[in-house]
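In each ligand, atom 1 is the first atom listed, and ligand 1 is the first ligand listed.
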Amino acid sequence: MSDRRHHVVIVGAGFGGLEVARGLAGAPVRITLIDQRNHHLFQPLLYQVATASLAPSEIAWPIRHLFRSRKEVTTLLAAVSGIDAQSNQLHLADGTLIAYDTLVLATGARHAYFGHDEWESRAPGLKTLEDATAIRRQILLAFERAEREADPQQRAALLTFVIVGGGPTGVELAGTIAELAHTTLRKEFRIIDTRTARIILIEAGGRLLPSFSADLSSYARTALERLGVEIALGHPVGECTSDGVMVEGRKIPAAVTLWAAGVRASPAAAWLDAPTDPANRVRVEPNLSAPGHANVFVIGDTATIDAWQGRPVPGIAPAAKQQGRYVAHVITRRLRGGDASQPFRYRHAGSLATIGKRSAIIDLGWISVRGWIAWWLWGLTHIYFLIGVRNRLSVALSWLWIYATGDRSARLITQEQHRSA
Ligand SMILES: Cc1cc2nc3c(=O)[nH]c(=O)nc-3n(C[C@H](O)[C@H](O)[C@H](O)COP(=O)(O)OP(=O)(O)OC[C@H]3O[C@@H](n4cnc5c(N)ncnc54)[C@H](O)[C@@H]3O)c2cc1C
């Protein structure tokens, strides 16, 4: 017998999509949750996998396992490639069609290269576990190659790490790579002195962390410089090459260039032929539905709406979660015969960023915290938001170990034969 319950299809099991599925618990629906990956990823800690502080399994969970006791939720590992909104059907990349009554698109964003997609292979960005382990390999291989490099210039280039973009991810990567080079690896190499490594953070704007107050941004700058990071502000990168970057006509030779400078939303807007902002985010209605499609919602990093006291909602995890909860509420109300609820309003709890293993900044708007107290608060907050007791304990233990000893144990070079070292 066919299942006549209202069918909600959620695409994307990131922060937004998971929250929709959670919010629909107990509603008279069946849910199909589709993701092109089999795991939910805690992206705020990805940089710690990229810098060998945490293992991939500490920040990712099989989606299927998360919904094991929710019989009405079916999880599918598949990539969505399009939508036929007229017939309420979703196209999967393998040609399968899936019919829906209500659709929620929570497909996130990826890094963007401002029209220079060819830079991606030379300056990888951080979005997936594969990105993180590939970056980890690149960083660790650079030290290995430097140990065997006789030419001083080549060696210096191998020990130069450029990070493009002075937002939270760029700052967190720069601080942690500096600690890795200057502390963690210091005693393990015999020929090179890893403390001579240069970590250069390049930001096109006038200051780091523009989403934080000017005061906290200047604190972050000083804290990074204390860790040995060189900071170049007001300098857009003109070119990323396979062996470095060009900045205002000057070449900086570097074995590793990392990209943390911009995002572009998933192609959800093209699937719906919907209006977008310059980052390709769908301009959604006040109730987060797509224009002209009352039964299609778009949330999280792939949507844009001026619902933060008239400003655009930021592309951060709490915003995606709030939107997910809101959409679950709207769907439930509709099914129970109620009218649409209040327009979505974003409530900003605060902004956080770490600078190495002992310092952080927290901007709550009405108060700011910095230094080691902020680091502990940052750590506790992130542990609270991780899923499951085992991961919380494991991450807490890893951090305490790093905090006390400076040792980062996830220093594995994987996915490549050592011949290239
Ligand atoms: C390196 C990094 C650091 C960050 N740090 C912070 C931080 O410190 N604090 C903070 O609040 N936010 C941070 N963010 C931002 C935060 O992670 C995002 O705002 C949040 O993940 C957005 O949630 P989402 O549900 O919109 O998308 P995501 O969480 O990105 O989830 C999208 C999901 O959709 C799936 N998907 C995409 N396309 C398809 C398709 N075609 N078919 C099927 N599935 C698909 C993806 O596999 C993914 O699982 C960071 C992001 C990154 C990349």
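- On a distance-only criterion, W271 and ligand 1 share no N/O pair closer than 3.5 Å.
- If you look at S266 next to ligand 1, there are no close heavy atoms at all, none under 4.0 Å.
- Taking every non-hydrogen atom of G300 and a distance limit under 4.0 Å, the qualifying atoms of ligand 1 come out as 26 (O).
- Of the charged side-chain nitrogens involved, none lies within less than 4.0 Å of a carboxylate oxygen, so that D117 and R264 do not count as a salt-bridged pair.
- For ligand 1 and K127, the ligand atoms under 4.0 Å from any heavy atom of the residue are 30 (O), 53 (C).
- Protein heavy atom in closest approach to atom 5 (N) of ligand 1: P44 CA, 3.4 Å.
- For Y326 and Y346, the ring centers sit 6.0 Å or farther from each other.
- The proximity of F385 to ligand 1, defined as any non-hydrogen pair under 4.0 Å, does not occur for either the backbone or the side chain.
- Any N or O atom pair closer than 3.5 Å counts here, and D301 shares at least one such pair with ligand 1.
- Evaluated for a side-chain contact (heavy atoms from CB on, under 4.5 Å) with Y100, the options V11, N295, V8 yield exactly one hit, N295.
- Considering all non-hydrogen atoms of both residues, R186 and T194 come closest at CA-OG1, 3.3 Å.
- Considering both main-chain and side-chain atoms, G12 never comes within under 3.5 Å of ligand 1 through any nitrogen or oxygen pair.
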Discussion item. Walk me through whether S289 and N287 qualify under side chain to side chain donor-acceptor pair (under 3.5 Å).
Written reply: CA-CA 6 Å; S289 63; N287 70 352; 2.8 Å; yes

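- The shortest heavy-atom distance from A78 to ligand 1 is under 4.0 Å.
- Numbered from 1 in the order shown, with element, the atoms of ligand 1 that lie under 4.0 Å from a heavy atom of G108 read 26 (O), 27 (O), 30 (O), 32 (C).
- Here's the thing with A79: none of its N/O atoms is less than 3.5 angstrom from an N/O atom of ligand 1.
- In terms of polar-atom proximity, L352 is not counted as a contact of ligand 1, lacking any N or O under 3.5 Å from an N or O of the ligand.
- The shell of residues lying under 4.0 angstrom from ligand 1, judged by heavy atoms, excludes P168.
- Around the CG atom of D273, the shell of radius 6.0 Å holds no more than 12 heavy atoms that belong to other residues, nucleotides or ligands.
- Of the possible donor and acceptor atoms, one in the side chain of E172 sits under 3.5 Å from a partner among the backbone N and O of T354.
- Salt-bridge formation is not detected for the pair R358/E179: no Lys NZ or Arg NE/NH1/NH2 atom is positioned less than 4.0 Å from an Asp or Glu carboxylate oxygen.
- Between E203 and R221 there is no salt bridge, since no side-chain nitrogen of the basic residue lies less than 4.0 Å from a carboxylate oxygen of the acidic one.
- Any N or O atom pair closer than 3.5 Å counts here, and T302 shares no such pair with ligand 1.
- Within the 4.0 Å heavy-atom cutoff, T169 counts among the residues contacting ligand 1.
- Of the polar atoms of G315, at least one N or O is found under 3.5 Å from an N or O of ligand 1, judged by distance alone.
- Residue-to-ligand polar distances place A317 within reach of ligand 1: an N/O pair is separated by less than 3.5 Å.
- For the pair D131 (side chain) and L126 (backbone), a donor-acceptor distance under 3.5 Å is absent.
- Counting protein heavy atoms only, atom 17 (O) of ligand 1 is closest to Q43 OE1, 3.1 Å.
- The local environment of CD in E188 is crowded, with over 12 non-hydrogen atoms from other residues, nucleotides or ligands closer than 6.0 Å.
- For E172, no nitrogen or oxygen atom sits less than 3.5 Å from a nitrogen or oxygen atom of ligand 1, counting backbone and side chain alike.
- Those atoms of ligand 1 with a heavy atom of P318 less than 4.0 angstrom away are 11 (O).
- In this structure, a donor-acceptor pair under 3.5 Å is present between the side chains of D94 and T96.
- For ligand 1 and A320, the ligand atoms under 4.0 Å from any heavy atom of the residue are 22 (C), 23 (O).
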